[in-house]
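Every chain is numbered from 1, with letters handed out A, B, ... down the list of sequences.
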There are 2 protein chains.
Amino acid sequence: MEKVNLGDAFASFDEQWAPRLAGELNGQAVKLANADGEFVWHHHEDADELFLVVSGELRIELREEPDVVLQEGELVVVPAGVEHRPIAPDGAEILLFEPAETRNTGNVDAEQTQTDIERLDETEDS
Amino acid sequence: MEKVNLGDAFASFDEQWAPRLAGELNGQAVKLANADGEFVWHHHEDADELFLVVSGELRIELREEPDVVLQEGELVVVPAGVEHRPIAPDGAEILLFEPAETRNTGNVDAEQTQTDIERLDETEDS
């Protein structure tokens, strides 16, 4: 049974807003991403999404309620259908929890849209 | 949208091996628990279970492969059906991710078996 060390995992890739797959369970995925600057406004039609900040600060802008600002060791669940835009002006390392098939930019096609997610292992082996 | 600060959350309750509900998404639950000493051997018939150590050290004993020892910032997924026993000789704060209905002692009835899980809010309000 392989454990994941979050520090080692984040040290293994540099791409921004391009989640790596750290684990799967019960049809859900644990993904790790480097956040840097503004992401795109989007929502996930059928998927709630958990954000946990591992380092740095992540602001989640929302259309109809106050933004949520997460520091290291803080998490929030963005319910399905809720439009949101993550922003990390100074960079942040974030852990996401969501269905394995959830696309990073949700309903939106954007420059950052990721079609296939790489496993951490693949990165570490390269 | 309410965020959860893990530090504040763990400061809000003292019970050992009695998870508190920190959030729910896609039928899964984020649970927080103080681990201290030995838990019971058990498995979860249909549920994979993620352990993430927030502070301290957690050893997960396994019957048929080497133990997994998790330090702060390390996670592992224990697949459904795999018998395991968490141990934290010096105490640990752990985040669990698993189906909302998963029972802490799985297939086993034990002193620590929890029938209802309290929400963090309920604890904080008291």
Side-chain angles (χ1 to χ4, degrees), chain A residues 1-11 21-30 32 44 46-55 57-80 82-84 93 95-102 120, chain B residues 1-11 21-30 32 44 46-55 57-80 82-84 93 95-102 120:
Chain A
M1 206 169 294
E2 290 294 315
K3 70 176 179 181
V4 174
N5 176 292
L6 294 179
D8 292 346
F10 280 111
L21 187 62
E24 287 185 274
L25 66 160
N26 307 311
Q28 311 284 310
V30 182
L32 305 179
H44 306 284
D46 301 312
D48 308 323
E49 185 170 37
L50 179 144
F51 294 84
L52 168 64
V53 171
V54 176
S55 75
E57 177 181 298
L58 182 74
R59 174 183 296 272
I60 301 177
E61 290 189 340
L62 302 162
R63 295 285 195 197
E64 292 172 11
E65 55 180 306
D67 299 347
V68 177
V69 180
L70 301 177
Q71 311 289 343
E72 181 175 330
E74 295 187 331
L75 65 88
V76 76
V77 175
V78 177
V82 172
E83 203 180 13
H84 58 283
E93 295 175 331
L95 182 153
L96 304 166
F97 206 94
E98 61 193 7
E101 68 278 12
T102 297
L120 276 175
Chain B
M1 205 169 294
E2 290 294 316
K3 70 177 179 181
V4 173
N5 177 293
L6 294 178
D8 292 348
F10 281 110
L21 187 61
E24 287 185 273
L25 66 161
N26 308 313
Q28 310 285 308
V30 182
L32 304 179
H44 306 284
D46 301 312
D48 307 323
E49 185 171 38
L50 178 145
F51 294 84
L52 168 64
V53 171
V54 176
S55 75
E57 176 180 299
L58 182 73
R59 175 182 295 272
I60 302 178
E61 290 189 340
L62 301 163
R63 295 286 194 198
E64 291 172 13
E65 53 181 307
D67 299 347
V68 177
V69 181
L70 301 176
Q71 312 289 342
E72 182 174 331
E74 295 187 330
L75 65 87
V76 76
V77 175
V78 177
V82 172
E83 203 179 12
H84 58 284
E93 295 175 330
L95 182 153
L96 304 166
F97 207 94
E98 61 192 6
E101 69 277 11
T102 298
L120 274 176

Segment of B:Phe51 engaging chain A (4.5 angstrom heavy-atom cut-off): neither

Listed partners of A:Gln71 passing side chain to side chain contact (heavy atoms under 4.5 Å, CB included), at least two apart: A:Glu57, A:Val69, A:Glu74

Turns out that what part of B:Val82 lies under 4.5 Å from chain A's heavy atoms comes down to side chain

Give, as side chain, backbone, both or neither, the part of B:Leu62 having an atom under 4.5 angstrom from any heavy atom of chain A. side chain

Apply side chain to side chain contact (heavy atoms under 4.5 Å, CB included) to B:Val30 and A:Leu52, showing your working. CA-CA 11 Å; B:Val30 182; A:Leu52 168 64; over 6 Å; no

Contact class of A:Glu49 relative to chain B, heavy atoms under 4.5 angstrom: backbone

Side chain to side chain contact (heavy atoms under 4.5 Å, CB included) assessment of B:Leu50 paired with A:Gln28: CA-CA 11 Å; B:Leu50 178 145; A:Gln28 311 284 310; over 6 Å; no

Pick one of side chain, backbone, both or neither for A:Asp67, based on which atoms fall under 4.5 Å of a heavy atom in chain B. neither

With a 4.5 angstrom heavy-atom cut-off, is it the side chain or the backbone of B:Val4 that approaches chain A, or both, or neither? both

Ignoring hydrogens and geometry, is there a side-chain-to-backbone donor-acceptor pair from A:Asn26 to B:Asp48 under 3.5 Å? yes

Non-neighbouring partners of A:Ser55 that pass side chain to side chain donor-acceptor pair (under 3.5 Å), sequence neighbours left out: A:Glu93

Distance in Å, A:Glu2 CD paired with B:Leu75 CG, rounded so as to fall on 0.5 Å steps: 12.0 Å

Which heavy-atom pair separates A:Lys3 from B:Val68 by the least distance, and what is that distance? CB-CG1, 4.1 Å

Exceeds 12 heavy-atom contacts within 6.0 angstrom, atom CD of B:Glu65: yes

